[in-house]
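Heads up, the thing below is written out as structure tokens.
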Number of protein chains: 2
Amino acid sequence: MNLRQLADSLGLSMTTVSRALNGYPEVREETRARVLAAAKAANYTPNARARRLATGRAMTIGHVVPLTGREETVNPIFADFLAGAGEIYAREGYDLLLSMVGAEETATTYRNLAATGSVDGVMVQSPRIVDDRIPLLQELKIPFLVHGRTGEYTTYSWFDVANIRAFRRATDFLLDLGHRRIALINGQETLDFAARRRKGVEDALQERGLPSRPEWMHQGVMTEQYGYTTTHAMLAMDPAPTAILCSSIIPAMGARRAIAEAGLTLGRDVSVICHDDALSYLGNDALTSPQGPPFTATRSPIRAAGRRCAEMLIALIREPDQPPLQELWETELTVGRSTGPAPAT
Amino acid sequence: MNLRQLADSLGLSMTTVSRALNGYPEVREETRARVLAAAKAANYTPNARARRLATGRAMTIGHVVPLTGREETVNPIFADFLAGAGEIYAREGYDLLLSMVGAEETATTYRNLAATGSVDGVMVQSPRIVDDRIPLLQELKIPFLVHGRTGEYTTYSWFDVANIRAFRRATDFLLDLGHRRIALINGQETLDFAARRRKGVEDALQERGLPSRPEWMHQGVMTEQYGYTTTHAMLAMDPAPTAILCSSIIPAMGARRAIAEAGLTLGRDVSVICHDDALSYLGNDALTSPQGPPFTATRSPIRAAGRRCAEMLIALIREPDQPPLQELWETELTVGRSTGPAPAT
DNA sequence: TCGCCCCTCCAAAGCGCTTTGGGTTGCGGC
DNA sequence: GCCGCAACCCAAAGCGCTTTGGAGGGGCGA
């Protein structure tokens with residue numbers, strides 16, 4: 001069933017039927033009702049391909065998720081981010097076009113999406129400290145929103161969490177507990193968010209006149225194994241750190257494993273704070289444990305971020321000539337069972 | 001730059017240019033070369049929207065990922081599965097349309113995708129024991145591949161791993177180690193794969209004349225917390241199980257946490273076997289640990305499954321009238337450090 | 001030289017929708 | 001009775017591509 005057949009069956013023109021269905025005012029309410037009833041009865045849905053061509057809008061948003069590292073690891077936050085964004089897209093009638101490619105191919109991918117016109121806008125994730133995707137997308141004149149930020153960030157739209165403040169606060173929290181030997185297990189510091197987090201840690205240390213010791217400042221792809229091996233190695237040092245900051249709950253779980261394996265107790269012998277994106281299958285809430293959540297964490301639900309990013313991007317698509325939208329969310333420090341006063345030694 | 005402009009600039013018709021670009025034989029090689037050179041110089045890429053309308057093919061594949069549980073948890077395997085599938089789609093020129101919706105809305109979503117013609121085929125994931133999506137898609141006459149299987153599974157195309165055999169084998173492994181008190185932390189048993197895994201466990205127990213004790217057979221959404229709370233509760237029982245099978249590495253990590261917290265040693269006091277989908281950020285390989293991988297596991301890389309599923313689905317799209325494709329992969333039992341002989345008691 | 005065929009290329013007709021630019025009709029005001 | 005204006009509705013022109021059904025011209029055999 002297509003528009004022409006529906007129009008013929010109603011004895012109306014395609015124009016009128018189209019207008020009736022799309023809510024235009026030039027059609028009598030009685031006629032509109034007839035059309036809607038017939039469309040429903042015939043189970044008619046406009047062909048999206050034709051509509052996209054006719055309107056020039058793809059009603060589709062592209063997410064290009066970069067795979068990182070040799071193993072092409074998928075950043076685990078991305079599933080929940082997508083779930084959040086997808087909620088909004090579905091509500092607003094947008095489709096989601098997903099493309100997962102190695103970091104080197106992302107530029108080509110964006111270029112292609114723009115050239116073929118298969119999307120109305122794109123989401124940019126995990127920006128690097130220097131990231132050519134942003135000038136590229138500006139050149140391509142395609143609406144985009146950056147989740148995170150980098151470089152000269154007054155010229156484009158972004159959504160970010162206050163990474164420096166979050167990690168500064170977390171470090172202060174450890175310092176206040178008496179910790180002086182503080183380590184960082186960070187994401188890859190070519191990524192902007194990781195660089196910021198490191199700065200937060202260093203700022204806090206510096207303010208108290210403490211050096212940041214290179215042998216305790218680690219960066220890498222944030223897997224569980226990475227957290228494990230790094231912690232394992234650091235615990236063998238003399239002196240060993242008494243507290244560890246982790247850039248994500250996943251390496252934090254690896255750290256926990258290494259600590260347990262070394263016969264130490266988390267939150268007593270070694271403290272751990274991580275950033276918690278509130279991943280749905282790695283919950284860190286207190287629900288099930290009356291003593292509080294397992295990890296002390298800087299918390300910022302990634303799913304909510306996905307929702308907000310989607311809203312902002314859609315706003316940009318609808319009103320392309322507005323000034324850049326920028327939004328910075330604070331994180332929340334939730335105290336859990338993974339931190340405690342620095343051991344006496 | 002569109003096709004007409006390119007054709008005009010070359011002094012050729014749109015027909016010829018189109019044919020030259022798409023590799024049709026009715027064009028002289030010299031002309032084709034000229035066209036290709038001009039297209040490249042002008043940075044011409046055909047408009048995908050127009051092409052989709054003209055060809056009637058969407059060159060897009062839909063993935064409808066069901067969110068499960070009250071928290072609308074995203075199954076963690078889905079990111080790596082998508083990464084695998086996306087690799088193949090990119091290679092074959094297909095786009096990936098992603099839709100994440102609650103389990104109740106999946107039917108509507110499929111119906112919509114079919115009606116609007118925005119996809120050429122769809123991937124069905126996490127089939128339930130009775131799943132109305134399969135008859136629905138058959139009725140809609142849209143090519144689909146089921147990742148997993150259910151019901152009368154001769155009539156449609158699917159890809160699955162041998163879940164019964166995998167968990168039967170894992171249970172036998174524990175039994176051979178002397179364990180007699182064996183627990184299962186399973187996924188939701190309305191899902192077909194979870195039901196099969198349970199059957200595998202029960203078959204193995206039954207063969208040795210052992211009962212499967214309901215208080216040790218658990219099912220739920222496979223989060224880390226779920227593994228933790230379930231294990232925590234079981235360890236407080238008298239007698240407590242000496243071995244636990246987990247349906248995924250994520251609850252297994254929760255189990256490990258509960259075991260450590262109870263002052264017990266994994267692989268000595270309590271053994272754990274899990275199914276390992278080889279998630280990229282939760283690696284279980286031996287690379288970094290000479291004593292072997294952390295968990296003994298039935299292993300089946302989900303990313304490879306994604307690749308294979310994509311290949312099969314594309315084959316179905318290209319040749320819709322062929323008999324159903326069906327493929328069953330075996331899992332591999334990798335022995336790690338989480339299992340050991342049953343304790344003496 | 002003629003006729004046929006093959007090699008190249010082209011005009012035009014879609015694909016199924018939206019949207020522009022009118023046409024008709026009916027009614028109130030003068 | 002005529003004009004102007006809403007209120008409704010329509011025909012047709014796209015959107016940018018693919019594809020059908022030729023058309024023209026050169027080479028070859030008769």
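Below, each value reflects all heavy atoms present in this structure, side chains not excepted, and no hydrogens, waters or symmetry copies. The chains referred to below are lettered A, B, ... by the order of the sequence lines, with proteins before strands, and numbering in each begins at 1.
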To the nearest Å, how far apart are [X] [atom1] and [N] [atom2]?
X     : N      : atom1 : atom2 : result
B:L10 : C:dT8  : CG    : P     : 17 Å
B:N2  : D:dG14 : CG    : C1'   : 13 Å
B:L3  : D:dT18 : CG    : P     : 7 Å
B:N22 : D:dT20 : CG    : P     : 13 Å

Throw together a table of side-chain donor-acceptor distances under 3.5 angstrom for residues 136-145 of chain A, partners on residues two or more places apart or in other chains.
residue: A:Q138; atom: NE2; partner: A:T155; partner atom: O; Å: 3.4
residue: A:Q138; atom: NE2; partner: A:T155; partner atom: OG1; Å: 3.4

- Specify the residues of residues 108-119 of chain A, ordered by number, for which at least one heavy atom lies under 4.0 angstrom from an atom of DNA chain C.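 Within residues 108-119 of chain A, no residue comes under 4.0 Å of DNA chain C.
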- Query: Of the residues in residues 45-62 of chain B, which ones touch DNA chain C at a heavy-atom distance under 4.0 Å?
  - Reply: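 Here the set is B:L53, B:A54.
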How would you list, by chain and number, every residue that makes a ring pair (Phe, Tyr, Trp, His ring centres under 6.0 Å) with [X], sequence neighbours excluded?
X      : answer
B:Y110 : none
B:Y89  : B:H63
A:Y153 : A:W158

- Reading nucleotides 4-13 of chain D from 5' to 3' and marking B where a protein heavy atom lies under 4.0 Å of the base, S where only the sugar-phosphate is that close, and - otherwise, the string is ----SBBBB-
- Query: So, do B:P301 and B:W329 sit near enough that their side-chain heavy atoms are less than 4.5 Å apart?
  - Reply: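 With C-beta onward as the side chain, the pair stays apart.
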- Contact check, side chains of A:T150 and A:Y156, non-hydrogen atoms, under 4.5 Å: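 When only atoms from C-beta onward are counted, A:Y156 and A:T150 do touch, with a gap below 4.5 Å.
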Show every donor-acceptor pair shorter than 3.5 Å between a side-chain atom in residues 303-318 of chain A and any protein atom, with sequence neighbours excluded, or say none if there are none.
residue: A:R303; atom: NH1; partner: B:E72; partner atom: O; Å: 3.0
residue: A:R303; atom: NH2; partner: B:E72; partner atom: OE1; Å: 3.3
residue: A:R307; atom: NH1; partner: A:E87; partner atom: OE1; Å: 3.3
residue: A:R307; atom: NH1; partner: A:E87; partner atom: OE2; Å: 3.2
residue: A:R308; atom: NE; partner: A:E327; partner atom: OE1; Å: 3.1
residue: A:R308; atom: NE; partner: A:E327; partner atom: OE2; Å: 2.8
residue: A:R308; atom: NH1; partner: A:E311; partner atom: OE1; Å: 2.7
residue: A:R308; atom: NH2; partner: A:E327; partner atom: OE1; Å: 2.9
residue: A:R318; atom: NH2; partner: A:E92; partner atom: OE1; Å: 2.9

- Could you tell me which residues satisfy side chain to side chain donor-acceptor pair (under 3.5 Å) with B:T60, sequence neighbours excluded, listed by chain and number?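 B:T60 satisfies side chain to side chain donor-acceptor pair (under 3.5 Å) with B:R52 only.
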- Task: Using the salt bridge (charged side-chain N to carboxylate O under 4.0 Å, His left out) rule, pick out the option among A:R34, A:R32, A:R28 that qualifies with A:E30.
- Result: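 The single option meeting the salt bridge (charged side-chain N to carboxylate O under 4.0 Å, His left out) with A:E30 is A:R28.
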- Pairs touching residues 103-125 of chain A that satisfy salt bridge (charged side-chain N to carboxylate O under 4.0 Å, His left out), sequence neighbours left out: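 Listed by first then second residue: nothing to list.
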- Under 4.0 Å: is that the gap between some side-chain N or O of B:Y24 and OP1 or OP2 of C:dT8?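 For C:dT8, OP1/OP2 do not have a side-chain N/O of B:Y24 under 4.0 Å.
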- Axis bend over the full length of the helix from C:dT1-D:dA30 to C:dC30-D:dG1, computed from five pairs that close each end, to 10 degrees: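 For the helix from C:dT1-D:dA30 to C:dC30-D:dG1, the axes at either end differ by 60°.
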- Message: Tell me whether the rings of A:F159 and A:H147 are parallel (<30°), tilted (30 to 60°) or perpendicular (>60°).
- Response: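 Geometry flag for A:H147 against A:F159: tilted rings.
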- Rounded distance (nearest 0.5 Å) linking atom OG1 of B:T106 with atom CG of B:D131: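 B:T106 OG1 to B:D131 CG: 7.0 Å, rounded to 0.5 Å.
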All N/O donor-acceptor pairs, side-chain side in residues 36-48 of chain A, below 3.5 Å, sequence neighbours left out:
residue: A:N47; atom: OD1; partner: A:R49; partner atom: N; Å: 2.7
residue: A:N47; atom: OD1; partner: A:A50; partner atom: N; Å: 3.0

